[in-house]
Amino acid sequence: MKKAIFSNAKRKISFVLIIAILASSGIFSSCAKTIVSSSALTLNNVSISNDVFTYFLDAAMTELGANADENSLFTKTVHLTETYFKTNSLAKKCGVTLSTANKAAVSEKVNAFWSIYGEYYTSIGVSKETLTKVFTADAYRNQLLVHFYGEGGEEEIGVATMYAYFKMNYIVFQAINGYFTYMDDNGNTVIHTPNEIEEIVLKFQNMASLINAKEKTMEEAADFLAASGYSSSAVTLVLGKNDTSYPPGFFEKVQSTKARVATVIGTNEYIFLVLRGDAGVTSDYYNEKKEEILTALVGDKIDVKIDSSIKIQSELDDKNSQSILTLVKQAKVA
């Protein structure tokens, strides 16, 4: 009986040895991805998770190009990762937190990116949780901007400066859209005849006159013109000067109109019935743009503040960083 047990034990040991030999020869690893267990980057003795390092290495490669030399890629990656580390550290030091709305915006951004790039990110070891980490740091950056330069901040930008920027660079308006062109049966864009264009202009001008005479609202004018086949919306919009949602020159033309006076403006292809609003400093339209305005006015300052907030000692592990670089390069050409 003892001999039999010993014999079985020898067979088990032999089997384990065979598996080990096969594994070392690569027979079982021909289809396996490179797996890096220890950290490729350490900042101030803190190990950065490899999924975050991979995300920033991929970002660096996207920015610099897949053919960039390795030294440039790693330098850029370390810089991006250091900014991420510094942002989180400064936010913690200042007690900056994210509101429910901030967190919802992060989640929305993560889901949008994942729906497009999820398969690719998975192939390089970047998960949705990784994106959440990175985009949360972006959100902290914006909140640090508010913390230092917003209302009550250490270096508060005054309301007068903020609102003046808003008035110069944003318009609040309602618009009903019309077109001087149409699509024919062959899918070609065709310009209306001069008589047809004149008829369209007259309809829009009549609606503007009725609105200014208080005989119709923008909502009623939208319904009337919609019945005539025109795109309509009575929703109030906020448009930035550099927004390309509308034709070139639209922003300047609307900005030059009188507030609360319906006006017809046009281009070669479009006609608009516009009613410009006059949003004050207490309006939601102004308040929702405060972060954008702060970014435009002092965004570079918060980045300098973040960059100088802490000194970083970085240690890049050559072997692990090379393994991750190889994995990302393979995924780029797959």
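Excluded from the calculations below are hydrogen atoms, water molecules and symmetry mates; all remaining heavy atoms, backbone and side chain alike, are included. In this chain, residues are counted from 1 in sequence order.
Taking the six-membered ring for Trp and thresholds of 30 and 60 degrees, His192 and Tyr182 have ring planes inclined between 30 and 60 degrees apart.
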Q: Dump the intermediate steps for side chain to side chain contact (heavy atoms under 4.5 Å, CB included) on Leu57 and Ile124, then the final yes or no.
A: CA-CA 11 Å; Leu57 177 59; Ile124 62 173; over 6 Å; no
Q: Mind running side chain to side chain donor-acceptor pair (under 3.5 Å) on Ser245 and Asp243 for me, showing each step along the way?
A: CA-CA 6 Å; Ser245 303; Asp243 195 311; 2.5 Å; yes
Q.
Test side chain to side chain donor-acceptor pair (under 3.5 Å) on Thr267 and Glu269; report intermediate values, then the result.
A. CA-CA 5 Å; Thr267 66; Glu269 297 182 4; over 6 Å; no
Q: Show the numbers, then the answer: is there a salt bridge (charged side-chain N to carboxylate O under 4.0 Å, His left out) between Asp278 and Lys167?
A: CA-CA 9 Å; Asp278 190 16; Lys167 295 287 284 185; 3.0 Å; yes
Q | Worked verdict on Lys203 versus Asn206 for side chain to side chain donor-acceptor pair (under 3.5 Å) | A | CA-CA 5 Å; Lys203 282 185 179 181; Asn206 287 338; over 6 Å; no
Q.
Between Ile176 and Phe272, does the side chain to side chain contact (heavy atoms under 4.5 Å, CB included) criterion hold? Intermediate values first, please.
A. CA-CA 6 Å; Ile176 302 169; Phe272 301 93; over 6 Å; no
Q) When you look at Leu316 and Phe53, which way does the side chain to side chain contact (heavy atoms under 4.5 Å, CB included) test go after all the steps? A) CA-CA 11 Å; Leu316 187 66; Phe53 178 82; 3.8 Å; yes
Q) Passes side chain to side chain contact (heavy atoms under 4.5 Å, CB included), Phe56 versus Val134? Steps please. A) CA-CA 9 Å; Phe56 286 119; Val134 174; 4.1 Å; yes
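Phe113 and Leu98 are members of different hydrophobic clusters when ILVMFWY side chains are connected at heavy-atom separations under 4.5 Å. Cluster annotation: Val261 and Val274 are assigned to distinct hydrophobic clusters (Ile/Leu/Val/Met/Phe/Trp/Tyr, side-chain heavy-atom contacts under 4.5 Å, transitive). Linking ILVMFWY residues whenever their side-chain heavy atoms come closer than 4.5 Å, directly or via other members, places Phe166 and Val281 in the same cluster. If you chain together hydrophobic residues whose side chains sit under 4.5 Å apart, Val110 and Tyr117 fall into the same group. Under the 4.5 Å side-chain heavy-atom criterion for ILVMFWY residues, no single connected hydrophobic cluster contains both Ile302 and Leu80.
Using a 4.5 Å cut-off on side-chain heavy atoms (C-beta onward), Ile191 and Ile197 make contact. You'll find the side chain of Tyr179 reaches within 4.5 Å of the side chain of Tyr270, heavy atoms only. Within the 4.5 Å cutoff, the side chain of Glu291 has no heavy atoms near those of the Leu294 side chain. Using a 4.5 Å heavy-atom threshold, the side chains of Thr193 and Glu196 count as touching. Contact of the Val201 side chain with the Phe180 side chain is registered, since non-hydrogen atoms from C-beta on lie closer than 4.5 Å. Side-chain contact check for Arg276 versus Gln174: every heavy-atom pair is 4.5 Å or farther apart. Counting only heavy atoms from C-beta outward, the side chains of Tyr120 and Asp58 approach each other to under 4.5 Å. Side-chain contact between Tyr121 and Thr130 is absent, with no heavy-atom pair separated by less than 4.5 Å.
With respect to the salt-bridge test (charged N to carboxylate O, under 4.0 angstrom), the residues Asp138 and Lys133 do not qualify.
In terms of modelled atom types and a separation under 3.5 Å, the side chain of Ser308 and the main chain of Ile306 share no donor-acceptor contact. Not a single donor-acceptor pair under 3.5 Å links the side chain of Ser107 to the backbone N or O of Lys103. Between the side chain of Asn186 and the main chain of Asn188, no donor-acceptor pair closer than 3.5 Å is present. With hydrogens and angles ignored, the 3.5 Å screen pairs a side-chain donor or acceptor of Glu156 with a backbone N or O of Gly152. With Ser39 contributing its side chain and Thr42 its backbone, the two residues share no donor-acceptor pair below 3.5 Å. Panel note: side chain Asn177, backbone Leu273; no donor-acceptor pair is recorded below 3.5 Å. Of the possible donor and acceptor atoms, none in the side chain of Ser72 sits under 3.5 Å from a partner among the backbone N and O of Ala68. Under a 3.5 Å cut-off, the side chain of Asp307 and the backbone N or O of Val304 do not form any donor-acceptor pair. When atom types are taken as modelled, the side chain of Glu315 and the backbone of Leu43 share no donor-acceptor pair closer than 3.5 angstrom. Here the side chain of Asn50 pairs a donor or acceptor atom with the backbone of Ser38 at under 3.5 angstrom.
One finds the CD1 atom of Ile171 at 4.5 Å from the CG atom of Leu239 (value rounded to the nearest 0.5 Å). For the atom pair NZ of Lys128 and OG1 of Thr122, the computed distance is 10.0 Å after rounding to the nearest 0.5 Å. Distance check, rounded to the nearest 0.5 Å: CD of Gln205 to CD of Glu198 gives 9.5 Å. We find the CD-OG1 distance between Glu219 and Thr217 to be 4.5 Å, quoted to the nearest 0.5 Å. With values rounded to the nearest 0.5 angstrom, Leu64 atom CG is found 6.5 Å from Lys76 atom NZ. In this structure, CD in Gln143 is found 13.0 Å from CG in Leu90, a value given to the nearest 0.5 Å.
In Asp69, the CG atom is crowded: over 12 heavy atoms of neighbouring residues, nucleotides or ligands sit closer than 6.0 Å. For CG of Asp284, the number of neighbouring non-hydrogen atoms (other residues, nucleotides, ligands) closer than 6.0 Å is 12 at most. For Glu252, the CD atom is densely surrounded, since the number of other residues' heavy atoms within 6.0 Å is greater than 12. By the 6.0 Å contact criterion, NZ on Lys241 is enclosed, its count of non-hydrogen atoms from other residues, nucleotides or ligands being greater than 12. Counted within 6.0 Å of NZ on Lys290, heavy atoms from surrounding residues, nucleotides or ligands total more than 12; the atom is thus considered enclosed. Around CD of Glu119, the count of heavy atoms belonging to other residues, nucleotides or ligands within 6.0 Å does not exceed 12.
The nearest pair of heavy atoms linking Gly125 to Asp51 is O-CB, 3.5 Å. The shortest non-hydrogen separation linking Tyr149 to Glu155 is CD2-O, 3.3 Å. Nearest approach of Gly65 to Leu73, heavy atoms of both residues: O-CD2, 4.4 Å. Nearest approach of Thr132 to Thr136, heavy atoms of both residues: O-OG1, 2.5 Å. In this structure, Arg141 and Gly299 approach most closely via the heavy-atom pair NH2-O, 3.2 Å. Between Val172 and Thr236, the shortest heavy-atom distance links the atoms CG1-CG2, 3.4 Å.
Taking the centre and axis of the six-membered ring of Tyr170, the NZ or CZ atom of Lys289 falls outside the cone set by 45° and 6.0 Å.
Taking the six-membered ring where the residue is Trp, the centroids of Phe173 and Tyr285 are separated by 6.0 Å or more. Ring centroid separation for the pair Tyr140 and Phe135 does not come in under the 6.0 Å cut-off.
Using a 3.5 Å distance cut-off with no hydrogens or angles, the side chains of Ser209 and Asn212 do not pair a donor with an acceptor.
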